[in-house]
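Everything on this sheet refers to the single structure shown next.
Residue numbers start from 1 in every chain, and the chains themselves are labelled A, B, ... in the order their sequence lines are given, proteins ahead of strands.
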Number of protein chains: 2
Amino acid sequence: MKSSKLDMPNCEDCQNKGGVFSCLSKQDKAILGEDKGNNFYKKGQVIFYEGNHPHGLYCIFNGKVKISKLGDEGKEQIVRISGNADTLGYRSLLCNEPYKATATAIEDSYICYLSKKKFFELLESNNTLCLNTIQLLARELRQSEQQLVDITQKSVRERIAEVLMQLKGKFGTKPDGITLDIRLTRREIGDMAGVTTETTIRTLSDLNKEEIIHINGKDIQILKPDQLHRIANIED
Amino acid sequence: MKSSKLDMPNCEDCQNKGGVFSCLSKQDKAILGEDKGNNFYKKGQVIFYEGNHPHGLYCIFNGKVKISKLGDEGKEQIVRISGNADTLGYRSLLCNEPYKATATAIEDSYICYLSKKKFFELLESNNTLCLNTIQLLARELRQSEQQLVDITQKSVRERIAEVLMQLKGKFGTKPDGITLDIRLTRREIGDMAGVTTETTIRTLSDLNKEEIIHINGKDIQILKPDQLHRIANIED
DNA sequence: CGCTTAATTGAACATACTCAAAATTTGTGG
DNA sequence: CCACAAATTTTGAGTATGTTCAATTAAGCG
């Protein structure tokens, strides 16, 4: 499954807008890329499992990955969906503890791999990277805490609307400007909102009937983003 | 409300076991303490509000503080309860954004205040503190994500049991070894678990009848911790 | 000691879940 | 490219868990 050295993606080409490494200089990025690996993951393939010990850092060159936790009765909760230039598993790596969530490719993805050693070397030598990492963590913590409040206090309808808005914000739309540039199963949308598949279907169906969104199989078009935003009851 | 310079608590006496500053040397702690303030907060008094801009870092010398977010309909979600030597508001400070939660003293507390400038000076000069902060954030993120899964997938009974176990873990018991060393209202316990006050009361009452806990007003005794642990369905 | 806040109990109700069965889509091998 | 199997989506009906609202009792506080 490993790609050849020839088509190895280049760190300098990586579009890591808000990622940890966005602060690095071209030179540092070159150093970063020296001994990295790159793997291809087919849709549905698992990158790492909850409980595994991390030995390095994953960085998505191209593709989409869901990070999920398994509850007691086999129910899945999607913690977040990562896309281009996002890093995976750095939280566990930093804490030096086993992964607390499972990462699964939700589309065919090329994912780079950086050794633990290299990452920590960089972190210890580069104070800016360190402060950047702090900011990234702090922002994710904020998001996670907000999500906690949302999920306890919002209705299913609000949560589903919020998930749709989040997806639009993170992955944007296809060239038509309204179709979400990510295709999830109803189950996955439900697993993001903490809702059963059936209720998710019914809720999406309602929004469809109200012509706030338009459903075409796995393609979802956001027809009235303002209204959806209002339904989602987003404060920030 | 400010205490006099005379009884100003000493950073070196502060029992910050797992706090950010636990890695600092005695000398660094002395530097830390040079220009800090110390305030007394009466039970119920607010330390900072959601939306305020942080100008420094709070550190609890003695007392207990709840960190909570207000939902749309005025419903409160307690994100965490902080105790001796815990820092408050460092996440917002690090992100340089307004507080996303409100901090309220739940018992009379002495809380130190460290200027933003001083904190960032330390952070930039002391790489160990930096790495320590990363670890602290990473651990809190893990906890927050776990809480998210819990709250979506666990029943009220499981969540209430978990809250009780968490309180025991964090604040311990009185000398008798069974009475929780923290007194919360039923509403606050419910706000931690994401449950209404009435349901909280009924659930606690059930556990009381089953003699797993013993309720005496605001004092809660954990009679059968093993059984409570089993009910809570805790994995970690 | 009176007044405000918190705790408790009951009954009605609603939201979202469960289970089951059918229709549709998707993926795969020939 | 088609056919078949597997997975996903959809719909319906019944149900449970936890909420809401209202009323009462108890506790804390100045």
Side-chain angles (χ1 to χ4, degrees), chain A residues 42-45 66 71-78 104-108 150-163 182-209 213-220 231 233, chain B residues 42-45 66 71-78 104-108 150-163 182-209 213-220 231 233:
Chain A
K42 208 172 161 48
K43 177 180 171 177
Q45 214 179 326
K66 68 173 170 184
D72 314 309
E73 287 117 41
K75 212 176 190 178
E76 198 178 349
Q77 171 71 38
I78 296 183
T104 314
I106 55 172
E107 29 175 89
D108 294 357
D150 287 354
I151 223 158
T152 25
Q153 306 205 343
K154 288 188 176 175
S155 68
V156 162
R157 188 177 159 89
E158 290 175 298
R159 267 140 62 194
I160 295 283
E162 181 161 24
V163 165
I182 181 169
R183 289 163 60 88
L184 298 171
T185 66
R186 303 287 188 264
R187 191 157 105 74
E188 283 168 335
I189 294 173
D191 287 344
M192 288 187 77
V195 175
T196 58
T197 309
E198 294 92 327
T199 304
T200 305
I201 288 166
R202 282 184 247 263
T203 308
L204 287 175
S205 178
D206 287 347
L207 293 172
N208 188 47
K209 268 182 221 128
I213 65 173
H214 182 257
I215 299 178
N216 185 6
K218 284 201 176 50
D219 283 321
I220 297 178
I231 292 169
N233 226 325
Chain B
K42 208 172 161 49
K43 177 179 172 180
Q45 213 180 329
K66 68 172 170 184
D72 315 309
E73 288 117 41
K75 213 176 188 178
E76 199 177 346
Q77 171 70 38
I78 296 182
T104 314
I106 56 172
E107 32 176 85
D108 293 357
D150 287 353
I151 224 161
T152 26
Q153 306 205 344
K154 289 188 176 175
S155 68
V156 162
R157 188 177 158 89
E158 289 175 299
R159 268 141 61 195
I160 295 283
E162 182 162 24
V163 165
I182 181 170
R183 290 162 61 88
L184 298 171
T185 65
R186 304 288 189 263
R187 191 158 105 74
E188 283 167 336
I189 294 173
D191 288 344
M192 289 187 76
V195 175
T196 57
T197 310
E198 294 92 327
T199 305
T200 305
I201 288 167
R202 282 185 249 263
T203 308
L204 287 174
S205 178
D206 287 348
L207 292 171
N208 187 47
K209 269 182 221 130
I213 64 174
H214 183 257
I215 299 177
N216 184 6
K218 285 199 176 52
D219 283 321
I220 298 178
I231 292 171
N233 224 325

- Query: Does any N or O in the side chain of B:K154 come within less than 3.5 Å of the main-chain N or O of B:E162, such that one atom is a donor and the other an acceptor?
  - Reply: no
- Sequence neighbours left out, what passes salt bridge (charged side-chain N to carboxylate O under 4.0 Å, His left out) with B:D108? Give chain and number order. none
- Take the protein atom CG of A:N216 and the nucleotide atom P of C:dT24, then report the distance between them rounded to whole Å. 15 Å
- Task: Please report the closest heavy-atom contact between B:K66 and B:E188, naming both atoms and the distance.
- Result: NZ-OE2, 3.2 Å
- How many Å lie between CD1 on A:I160 and C1' on C:dT15, as a whole number? 14 Å
- Mind calculating the distance between CD (A:E76) and P (D:dT8) to the nearest angstrom? 11 Å
- What nucleotide, of C:dA6, D:dT11, C:dT9, holds the atom closest to the side chain of B:T185? C:dA6
- Do the side chain of A:R183 and the main chain of A:K218 share a donor and acceptor less than 3.5 angstrom apart? no
- Task: Check B:I231 against B:A161 and note the closest heavy-atom contact, atom names and distance.
- Result: CG2-CB, 3.7 Å
- Message: Between A:D191 and A:R187, does any side-chain N to carboxylate O distance fall below 4.0 Å?
- Response: yes
- Message: Please report the distance, rounded to the nearest Å, between CD in B:Q153 and P in C:dT18.
- Response: 10 Å
- Message: From CG of B:L207 over to P of C:dT8, roughly how many Å is that when rounded to an integer?
- Response: 13 Å
- Query: Quick one: does A:Q153's side chain have a donor or acceptor within less than 3.5 Å of a partner on B:K75's backbone?
  - Reply: yes
- Message: Base contacts versus sugar-phosphate-only contacts with protein, heavy atoms under 4.0 Å: please encode nucleotides 18-28 of chain D as B, S and - from 5' to 3'.
- Response: SBBB-------
- Take the protein atom CZ of B:R186 and the nucleotide atom P of C:dA7, then report the distance between them rounded to whole Å. 6 Å
- Note on the structure: For B:T199 and B:T196, the nearest pair of non-hydrogen atoms, with its separation, is OG1-OG1, 3.0 Å
- Query: Whole Å only: how far is the CD1 atom of B:I215 from the C1' atom of C:dT8?
  - Reply: 11 Å
- Task: Identify the heavy atoms of B:I213 and B:L204 that sit nearest to each other, and give their distance.
- Result: CD1-O, 3.8 Å
- Atom CD1 of B:I189 to atom P of C:dA7: distance rounded to whole Å? 8 Å
- What bend angle does the helix from C:dC1-D:dG30 to C:dG30-D:dC1 show across its length, from five-pair end axes and to the nearest 10 degrees? 60°
